[in-house]
Amino acid sequence: MLNVDMLELCTELDISGMAKSRGVDLYTTLSVYNLHHWFDGYRAVVVLDLYDPAIAIVDIGGRAVIASSRCSNVDTYIARLVRALGLEEDLTEFHSIALRDVLLSSFVRMWSGWRLRSCDLWWALVVGVCQQNASFRQGWSMLLNIVNLYGRRVRVEGFGEVVLPPRPEDIVRDPSKLSIARVGYRARAIESIARSFLEKLVPPSEALERMDSHEVEDVLRSLRGVGSYTARLAMVLALRRYELPPVDRWLRAIVSRVYGVDERYAERKWVEIWGRWSGLAAIALTIALDAAPLRDALSRIERGELVPKLGNEPSPATLWRFTQLTTARTSRAYRQRISPTS
DNA sequence: TGCCAGGCGGGGT
DNA sequence: ACCCCGCATGGC
């Protein structure tokens, strides 16, 4: 591999005190919805800048190092790390609503230390597109393939190679590999979104910060292949904007069943319950139910199984343990694609 | 073997 | 504002 960017160690810090005082459990925060590329059960890679690459390597005990080629920005990077891990997010109100809620009370009792770990906006949109009209499992297998096919390798002083999520330009350079990633018709959306980012059609995050949630949703929805669900999911995952929930068929059906409202009013009901925490609650529910397909999710709710089971199949909480295994399937598809035989 | 899955856009009415 | 359909792919 030529032209591998080298990141130098900028600083070390200890975030265990901040995590503890805020009641943050770093293990759940670092492990949930992660891939083996970025979490190994002990240490996680948190991307702080996808473009001028900067990362934090954080362990579950709170020791962190910042690595970048631009160590002069280290204060910004530390602030981004604190934000990405939700260390300064006050979830008191979210927890108090959840404790009274039939779906999430058990979850927040056991998982009160979980914080959403945020990511880059472009990448959050790719995550959203891969969830469209597909099961949890299929969506994450697409994402895994995309990272394996397009991920950008950097070398980190003292840590070896780390893979970063692809940038828009990594996709645009060779969009044809998306078919190898088995994303189906979503390839056009992913490529189109990538081009929109390259052409600066998406305002920078400082500008998005100043816009109200509906405006941000509209901006993201102007991208081809991004509808309300994907826009709102990206707002939750990348911007920590929870006011507008990403409501899909899954959540709509669950809300309708559990609270006895018509599916038409499921979103209204959800927002009535969760208010400004609606988006976070939607993500929390997927964790609590291990992202089980709708039919299974409904029967788990019937049985009151409302905390993650951490069983022997992939779930939001255990995804990172399984992603290495499925890599073999992609390589097989890749080889067949490259040299079609038999 | 069809049918469906954490959507979306384009076409109707 | 609705309703309806096709869409790549994978799992059952």
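As a basis for the values below, the full set of heavy atoms in this structure was taken, side chains included, without hydrogen atoms, waters or symmetry mates. Proteins get letters first, then strands, A, B, ... in listed order; numbering begins at 1 in each.
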[atom1] spacing across the pair [N] / [M], given as an integer number of angstrom:
N     : M      : atom1 : answer
B:dG2 : C:dG6  : P     : 15 Å
C:dA8 : B:dG11 : P     : 16 Å
C:dC2 : B:dG6  : C1'   : 22 Å

Exercise for the section: Indicate whether the side chain of A:Ser299 and that of A:Asp296 have a donor and an acceptor atom separated by less than 3.5 Å. Expected result: no
Handout entry: Side-chain donor-acceptor pair present, A:Tyr33, A:Thr286, cut-off under 3.5 Å
Key = yes
Separation of [X] atom [atom1] from [N] atom [atom2], in whole Å?
X        : N      : atom1 : atom2 : result
A:Leu294 : C:dC12 : CG    : C1'   : 16 Å
A:Trp140 : C:dT9  : CH2   : C1'   : 18 Å
A:Phe136 : C:dG10 : CZ    : P     : 17 Å
A:Glu313 : C:dG10 : CD    : P     : 19 Å
A:Leu143 : C:dT9  : CG    : P     : 16 Å
A:Arg137 : C:dC12 : CZ    : C1'   : 12 Å
A:Tyr265 : C:dA1  : OH    : P     : 14 Å
A:Gln132 : C:dG6  : CD    : P     : 19 Å

Exercise for the section: Would you mind telling me which residue lines up with the more 5' stretch of DNA chain B, A:Ser135 or A:Gly225, judged by nearest nucleotide? Expected result: A:Ser135
Fill in the blank from the handout: When A:Leu223 and A:Pro316 are each assigned the nearest nucleotide of DNA chain B, the 5'-most assignment goes to A:Pro316
Handout entry: Nucleotide range of DNA chain B lying under 4.0 Å from chain A heavy atoms
Key =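 Going 5' to 3' along DNA chain B, contacts run B:dA5 to B:dG10.
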[X] side chain to [Y] backbone, donor-acceptor under 3.5 Å:
X        : Y        : value
A:Thr29  : A:Asp25  : yes
A:Arg152 : A:Val147 : no
A:Arg321 : A:His36  : no

What's [X] touching, base or sugar-phosphate or nothing? Going by heavy atoms closer than 4.0 Å.
X        : answer
A:Thr230 : sugar-phosphate
A:Val226 : sugar-phosphate
A:Ala291 : base

A side-chain contact here means heavy atoms from C-beta on lying under 4.5 Å apart; do [X] and [Y] qualify?
X        : Y        : value
A:Leu30  : A:Leu85  : yes
A:Glu217 : A:Glu243 : no
A:Tyr259 : A:Val102 : yes

Exercise for the section: From the options C:dC7, C:dG10, C:dC2, select the nucleotide whose nearest atom is closest to the side chain of A:Gln138. Expected result: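 The answer is C:dG10.
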Handout entry: N/O (side chain, A:Arg182) to phosphate O (OP1/OP2, C:dG10) under 4.0 Å
Key = yes
Problem - Short side-chain N/O contact to C:dC2 OP1/OP2 from A:Arg264, under 4.0 Å - result: yes
